[in-house]
There are 2 protein chains.
Amino acid sequence: MPAFDFTPLIAPGAPPPAAKWTGSPRYNFTGGNNDPAQVPVDDLLSAAEAVLRREGRSLAYYGVAHGPQGYRPLRDFLAAKLKRDAGIVCSADEILLVSGSLQAFDLINGALLAPGDTVIVERDTYQGMLNRYARAGVNAIGVPLDRDGMQIDALERTLVSLNTKGVRPKYIYTIPTVQNPTGTIMPVTRRTALLALSEKYGVPVFEDDCYSDLIWSGERPAALYAMSGSGNVIHIGSFSKSIAPALRVGFIVAPWPILSRMIALKVDAGSGALEQMVLAEYCAPHFSSHVPALRQGLRKKLEVLMDALDQQFGIAAEFDDPPGGIFLWVKLPDSVDTLKLYQSALAAGVAINPGPEWSTDATHSKSRMRLCFASPTEQELREGIEILADICRTTFGVPERSGNIARRPKQA
Amino acid sequence: MPAFDFTPLIAPGAPPPAAKWTGSPRYNFTGGNNDPAQVPVDDLLSAAEAVLRREGRSLAYYGVAHGPQGYRPLRDFLAAKLKRDAGIVCSADEILLVSGSLQAFDLINGALLAPGDTVIVERDTYQGMLNRYARAGVNAIGVPLDRDGMQIDALERTLVSLNTKGVRPKYIYTIPTVQNPTGTIMPVTRRTALLALSEKYGVPVFEDDCYSDLIWSGERPAALYAMSGSGNVIHIGSFSKSIAPALRVGFIVAPWPILSRMIALKVDAGSGALEQMVLAEYCAPHFSSHVPALRQGLRKKLEVLMDALDQQFGIAAEFDDPPGGIFLWVKLPDSVDTLKLYQSALAAGVAINPGPEWSTDATHSKSRMRLCFASPTEQELREGIEILADICRTTFGVPERSGNIARRPKQA
């Protein structure tokens with residue numbers, strides 16, 4: 001019997017078929033993976049044992065009968081943590097636990113966005129969000145960044161220009177605290193100005209706070225959510241970067257009138273309860289000691305990466321030493337097309353994020369790339385960058401041969 | 001400062017806001033909850049310990065670096081289990097692990113359905129699916145059931161009629177093995193006929209197999225997926241009914257040309273890996289002994305429920321003794337409107353599923369209700385049904401007063 005042909009039945013606009021997965025690249029500088037050596041296995045194991053022994057029978061109920069917003073003790077932990085770290089005063093009732101921050105994206109976008117809508121984003125921003133806008137037929141307008149994050153004067157020009165055209169954007173999506181991919185932190189004065197523009201133009205702020213635990217200094221500005229006087233901010237976060245990304249636990253903090261819209265859209269019968277339970281049991285006693293140790297290890301890896309780039313690329317690789325996070329945003333010479341570099345490097349087992357996939361501006365991002373440094377070993381970081389430099393040299397003629405490479409002055 | 005008003009920004013067609021959750025009803029006959037006493041806590045705990053000790057560090061990678069189809073050992077377990085129990089010959093490469101069967105719905109519908117499309121379903125069917133069609137603007141045509149499941153002659157009439165109108169339905173959604181809510185099992189001859197009609201009209205079959213582990217006899221017909229010679233079936237299943245619903249782990253089995261479309265739509269960075277890991281570690285040694293014990297306990301609860309209905313409703317409650325599952329589909333006298341009964345009962349702490357929410361036919365289902373019996377205790381089953389009968393009597397005059405109630409003949 002001939003194979004049944006599904007082709008004529010596929011929904012219009014469905015993405016093309018996925019390719020078969022062929023394993024992880026040997027040198028993986030992509031994805032938000034974390035450092036395997038820093039997963040707190042023993043304490044997670046003890047937490048799993050304690051919570052299963054105490055509450056395991058409740059797994060018989062969807063969402064362990066804690067309602068659609070998720071496991072209550074984890075929401076209580078978050079309410080306390082958000083107050084301590086980010087200045088956010090909220091109760092467990094304003095928190096919705098979700099299956100990773102990507103489900104937060106889908107719920108927020110589901111409540112607010114329709115095809116043809118406009119949103120304002122940072123010019124360089126998270127690829128997963130840009131892909132969602134493309135699929136949803138949403139127009140994402142990028143606002144340039146500088147070392148203090150989104151440029152407020154450019155944001156205002158964008159808002160004025162849209163207003164003139166009668167367009168009210170649905171929100172301003174920002175990653176103000178360790179911006180992805182640029183790594184910048186928006187200072188308080190700029191946060192205040194951003195919130196004022198949000199008020200003035202009636203455009204809410206979507207604050208993506210997924211990286212804020214990973215600031216080397218351990219000090220962060222208050223969240224936009226905390227600074228808002230009017231409830232014009234939706235705040236999301238995740239345990240992917242602070243604990244482990246394979247645990248799919250993220251969260252949304254939002255005023256009830258909009259949070260209740262997202263809960264109505266969350267028709268998944270709850271996010272994974274075991275992961276929420278283990279995290280709650282683990283985080284209450286361990287989060288505040290685990291994260292500083294994690295940061296220290298990540299900082300060390302970043303230094304290895306920056307040193308390897310200096311060694312292999314010299315002045316051909318420009319970057320700022322980021323104040324935290326798990327990625328470095330690197331500018332290569334204008335002659336380099338990182339989409340092409342990505343293809344050649346992948347064939348050699350080195351995966352990078354080409355700039356154009358992380359930007360609304362293909363020209364600006366053409367020679368830029370994002371390098372994630374949390375999961376490779378120090379040896380892999382060094383070897384991978386050496387291979388990447390070789391491929392870049394073969395393909396684009398830069399950097400100069402490493403023997404006589406022009407070096408950046410040593411960082412302070 | 002006045003509160004920011006999100007109302008003008010809400011996407012057209014977004015569902016109304018969720019109500020605040022106020023806790024679980026005292027007597028809960030709704031939802032696919034399981035029996036808390038039957039959650040294999042100790043063995044799940046040992047599994048969690050073993051797998052975390054061995055592979056915990058891999059939580060640092062999205063999807064523990066097993067690729068977008070999910071944790072490989074769980075897919076291997078499923079391939080073996082599906083072969084043994086359902087006759088399905090497939091490899092781990094044809095299996096996609098998802099966050100509960102509801103995500104399976106969303107991925108299958110996402111790949112195939114557009115607003116205005118038509119699907120064929122069983123007249124009485126799963127509410128979560130009907131709600132999805134309503135939201136997606138999809139036309140669901142119900143085919144009547146009898147004690148052998150979907151009626152094939154009625155299905156053919158529907159296919160002919162649609163064909164005449166130039167409508168090619170996107171799929172036939174069926175729950176052939178312990179149908180939800182009617183509890184029927186489709187015999188092999190009817191399965192063969194269903195597959196032949198699918199071939200003839202070029203309409204694939206969507207086989208929802210979530211309850212097939214819970215057949216009292218332990219024996220099930222081969223899955224439609226196993227019987228298909230042409231790859232015209234998409235098969236889904238779940239661990240919610242066999243292990244625990246709070247673990248959000250379901251799966252899709254499908255030929256690669258359509259499975260690859262679903263993988264492309266699964267942009268969630270993986271489903272929860274810890275739950276997949278614990279299930280794989282638990283199921284390999286324990287699944288085949290756990291499930292028969294679970295079934296025995298569920299059968300006992302069903303008998304309590306049926307006895308309570310006999311005692312309290314007498315001949316006013318008509319139902320077939322189902323061959324498996326966790327729910328009973330009950331017909332009350334025609335004068336009873338179960339949507340109204342639902343409201344009154346909920347106010348008294350008794351939650352039921354009113355028929356019209358589980359059917360494409362409001363008239364047929366008006367006096368029917370679904371009662372889930374897995375999670376209440378035997379005492380709660382008896383007390384809840386007594387309260388329900390009192391409310392039904394007060395509101396609709398039936399059943400007769402329990403002292404002189406007309407009783408059904410004792411079941412064989």
Side-chain angles (χ1 to χ4, degrees), chain A residues 1 3-4 6 9-12 14-15 17-18 21 24 31 33-36 39 41 44-45 48-49 52 56-57 59-65 67-68 99-100 102-103 111-114 170 204 229-232 244-248 257-258 260-261 263-265 268-269 272-275 375, chain B residues 1 3-4 6 9-12 14-15 17-18 21 24 31 33-36 39 41 44-45 48-49 52-53 56-57 59-65 67-68 99-100 102-103 111-114 170 204 229-232 244-248 257-258 260-261 263-264 268-269 272-275 375:
Chain A
M1 201 179 287
F4 188 89
F6 281 93
L9 300 167
I10 298 296
W21 187 69
S24 303
N33 297 312
N34 218 315
D35 183 352
V39 175
V41 173
L44 286 173
L45 199 156
E49 189 175 345
L52 276 172
R57 299 213 173 278
L59 292 172
Y61 304 100
Y62 279 96
V64 292
S99 305
L102 290 170
Q103 189 181 42
L112 293 169
L113 302 186
K170 285 301 182 84
S230 69
N232 56 333
L247 304 175
R248 306 305 297 134
I258 184 68
S260 58
R261 296 287 189 157
I263 297 170
L265 282 165
D268 61 359
L274 179 60
E275 307 201 330
S375 69
Chain B
M1 199 179 289
F4 187 89
F6 281 92
L9 299 167
I10 298 294
W21 187 70
S24 303
N33 297 312
N34 217 315
D35 183 354
V39 175
V41 173
L44 286 173
L45 199 155
E49 189 175 345
L52 276 172
R53 209 173 283 289
R57 297 211 174 281
L59 292 172
Y61 303 100
Y62 279 96
V64 291
S99 305
L102 291 169
Q103 189 180 40
L112 293 169
L113 303 186
K170 285 300 184 83
S230 69
N232 57 331
L247 304 174
R248 307 303 299 133
I258 184 68
S260 57
R261 295 289 188 157
I263 296 170
D268 61 359
L274 179 60
E275 307 201 330
S375 70

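In what follows, every chain begins at residue 1, and chains take the letters A, B, ... in the order their sequences are listed.
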Let me know if [X] has heavy atoms under 4.5 Å from chain B in its side chain, its backbone, both or neither.
X: A:L113; result: backbone
X: A:S24; result: side chain
X: A:N232; result: both
X: A:L52; result: both

Looking only at heavy atoms and a cut-off of under 4.5 Å, which of [options] has the most pairs with chain A?
options: B:L45, B:V64, B:D268, B:I263; value: B:L45
options: B:P17, B:A273, B:G56; value: B:P17
options: B:P36, B:G67, B:A48; value: B:P36

Taking all atoms of both residues into account, what is the closest heavy-atom pair of [X] and [Y], and its distance?
X: A:L59; Y: B:P245; result: O-CD, 3.3 Å
X: A:P204; Y: B:F6; result: CB-CE2, 3.6 Å
X: A:F4; Y: B:G231; result: CB-O, 3.6 Å

Within the distance-only criterion (no hydrogens, no angle test), does the side chain of [X] pair as donor or acceptor with the backbone N or O of [Y] below 3.5 angstrom?
X: A:R57; Y: B:V39; answer: yes
X: A:R248; Y: B:G272; answer: no
X: B:N33; Y: A:Y62; answer: yes
X: B:E49; Y: A:E49; answer: no

TODO: Could you please spell out the steps behind the side chain to side chain contact (heavy atoms under 4.5 Å, CB included) verdict for B:L9 and A:I258?
DONE: CA-CA 10 Å; B:L9 299 167; A:I258 184 68; over 6 Å; no
Open item on the list: Counting heavy-atom pairs under 4.5 Å with chain B, which one of A:P12, A:S99, A:P68 comes out on top?
Closed with: A:P68
Task: Largest heavy-atom contact set with chain B, pairs under 4.5 Å, which of A:A60, A:A269, A:A264 - done: A:A60
Task: Heavy-atom proximity to chain A below 4.5 Å, by part of B:E275 - done: both
Task: CZ on B:R53 to CG on A:L44, rounded to 0.5 Å - done: 12.0 Å
Open item on the list: Using 0.5 Å steps for rounding, measure from the CG atom of A:L274 to the CG atom of B:L274.
Closed with: 5.0 Å
